[in-house]
Amino acid sequence: MQRFISILIIAMTLGYGLLTTAATNAEPADVDVLDLTFSENIDQPAVPGKARQYVTTAMDQIRRQLVKAELPTQAIRDGEVVQVTIPCGQLFAPGAIDLKPAADELLRHFSGILRESSKYKVIVAVYGDNTGDDMYADSITSARANAIDDYFWTLMGEAETNVIPYGMGKDNPLKPNDSMLHRYANRRVEIYVVPDWGLLQAAGVRRR
């Protein structure tokens, strides 16, 4: 009888451990990324500790590829996310919302990432300076973000890209808007490569 009770306790403990592991590795209920804020899309999905080495290694390979393409690149979120910053002047003529032909030379380097849309989210955030009112800044940055989204969609043969565009208006200036040089720096495109659930699954994380 005592042996039976011991076996039962062991079985219950193992069962609890499996449930705990499943809960740790499970994804919350599916959320439409378009319903998330910019910050939420940068932060989600979280990478469990056991998958972190796999994910950061994959992201570092992407960072190295983009650096090789001479794109201004940095790792953020402790190496889990790659950020590229491009001045708007390299992609758009002043006041324009259509991409310059030369923009292809910069943006085409994301093609390999876009082909793996289940593994990576590509977040496009376009910022302006203090020229014009808030409505103008919101309008032009949103239109430019959508133009980059459209370019990526066309680059992929009108296939799914997992690109999320944001027009950021006058938010988060890098420098005071007190000179032409500073305003040029504030008018920028930030492109973030964020690990998505396909990459986490490849690292052994189970979805609910």
Side-chain angles (χ1 to χ4, degrees), residues 33-34 38 41-42 58-77 81-117 119-196:
V33 294
L34 297 178
F38 168 74
N41 263 315
I42 295 293
M59 300 309 294
D60 190 57
Q61 290 175 351
I62 288 175
R63 185 190 62 81
R64 290 172 183 272
Q65 292 169 5
L66 295 172
V67 168
K68 188 176 181 179
E70 299 184 353
L71 291 169
T73 306
Q74 63 178 322
I76 63 172
R77 214 180 87 178
V81 172
V82 173
Q83 176 186 340
V84 174
T85 303
I86 305 171
C88 277
Q90 294 185 19
L91 302 177
F92 300 93
I97 60 173
D98 295 322
L99 286 164
K100 293 179 177 180
D104 176 72
E105 291 298 315
L106 297 171
L107 298 178
R108 63 183 173 82
H109 294 293
F110 291 90
S111 60
I113 300 163
L114 295 168
R115 289 191 189 99
E116 298 191 90
S117 60
K119 291 185 176 181
Y120 306 104
K121 293 188 293 186
V122 176
I123 299 172
V124 177
V126 180
Y127 294 84
D129 58 21
N130 68 341
T131 302
D133 58 20
D134 290 345
M135 183 177 296
Y136 172 77
D138 291 342
S139 175
I140 192 170
T141 57
S142 294
R144 287 177 167 180
N146 288 331
I148 296 171
D149 184 13
D150 288 344
Y151 168 85
F152 284 148
W153 181 67
T154 302
L155 185 65
M156 290 295 101
E158 302 182 0
E160 176 62 45
T161 59
N162 207 10
V163 174
I164 309 159
Y166 290 94
M168 306 299 286
K170 300 179 181 180
D171 290 352
N172 301 323
L174 297 178
K175 299 179 180 295
N177 284 294
D178 56 5
S179 70
M180 290 181 62
L181 187 62
H182 285 177
R183 286 192 291 273
Y184 180 86
N186 290 334
R187 297 190 301 272
R188 67 196 187 276
V189 175
E190 293 179 353
I191 300 176
Y192 299 83
V193 184
V194 181
D196 209 352

**Q** Under 4.5 Å between any side-chain heavy atoms of L99 and F92, yes or no?
**A** yes
**Q** Measuring from atom OG1 of T161 to atom CG of D149, what distance do you get when rounded to the nearest 0.5 angstrom?
**A**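 So the gap between those two atoms works out to 5.5 Å.
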**Q** Quick one: CZ on R183 to CE on M180, what's the gap to the nearest 0.5 Å?
**A**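 These two atoms lie 7.0 Å from each other.
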**Q** Once you round to the nearest 0.5 Å, how far does NE2 of H109 lie from OG1 of T73?
**A**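 One gets 10.5 Å once the value is rounded to the nearest 0.5 Å.
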**Q** Can you give me the closest heavy-atom contact between P165 and N146, atom names plus distance?
**A**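 Of all heavy-atom pairs spanning P165 and N146, the closest is CG-OD1, 3.6 Å.
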**Q** Looking at CG of N41 and CG of L34, how far apart are the two atoms once the value is rounded to the nearest 0.5 Å?
**A** 8.0 Å
**Q** Only one of I148, D196, V194, L114 forms a side chain to side chain contact (heavy atoms under 4.5 Å, CB included) with V122, so which one is it?
**A** L114
**Q** Please name all residues satisfying side-chain hydrogen bond (donor to acceptor under 3.5 Å, both in side chains) with Q65, sequence neighbours left out, ordered by chain then number.
**A** none
**Q** Going by the rule side-chain hydrogen bond (donor to acceptor under 3.5 Å, both in side chains), which residues pair with D134 if we only count those two or more places apart in sequence or in a different chain?
**A** K170
**Q** Between CG of L71 and CD1 of I191, what distance do you get to the nearest 0.5 Å?
**A** 8.0 Å
**Q** Start with the C-alpha distance between L91 and L107, add both sets of side-chain angles, then the distance that settles side chain to side chain contact (heavy atoms under 4.5 Å, CB included), and finish with yes or no.
**A** CA-CA 9 Å; L91 302 177; L107 298 178; 4.3 Å; yes
**Q** Please enumerate all residues that pass salt bridge (Lys or Arg N to Asp or Glu O under 4.0 Å) together with D129, with sequence neighbours excluded.
**A**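 D129 satisfies salt bridge (Lys or Arg N to Asp or Glu O under 4.0 Å) with R187 once adjacent residues are dropped.
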**Q** How far does CE of M59 sit from NZ of K119, to the nearest 0.5 angstrom?
**A** 11.5 Å
**Q** Before giving the answer on side chain to side chain contact (heavy atoms under 4.5 Å, CB included), spell out for S179 and H182 the whole-Å C-alpha distance, their side-chain angles and the decisive distance to 0.1 Å.
**A** CA-CA 5 Å; S179 70; H182 285 177; 3.3 Å; yes
**Q** According to the ring pair (Phe, Tyr, Trp, His ring centres under 6.0 Å) rule, which pairs have a member within residues 133-153, sequence neighbours left out?
**A**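 Of all non-adjacent pairs touching residues 133-153, those that pass ring pair (Phe, Tyr, Trp, His ring centres under 6.0 Å) are F110-F152.
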**Q** Using side-chain heavy atoms (C-beta onward) and a distance below 4.5 Å, is V189 in contact with R144?
**A** no
**Q** Please tell me if the side chains of T85 and Q83 come closer than 4.5 Å, counting only heavy atoms from C-beta onward.
**A**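 Heavy-atom side-chain distance check passes, below 4.5 Å.
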**Q** Not counting sequence neighbours, which residues clear side-chain hydrogen bond (donor to acceptor under 3.5 Å, both in side chains) with S117? List them please.
**A** none
**Q** Evaluate the side-chain proximity of R188 to N172: yes if any heavy-atom separation is below 4.5 Å, no if none is.
**A** yes
**Q** If you count the non-hydrogen atoms of other residues, nucleotides and ligands that lie under 6.0 Å from CZ in R64, is the total more than 12?
**A**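 Counting neighbours around CZ of R64, 12 or fewer heavy atoms of other residues, nucleotides or ligands fall under 6.0 Å, so no.
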**Q** Taking side-chain contact (heavy atoms from CB on, under 4.5 Å) as the test, write out the residues that go with Q90, two or more places apart.
**A** I86, P87, L106, Y184
**Q** Would you say K175 has more than 12 foreign heavy atoms packed within less than 6.0 Å of its NZ?
**A** no
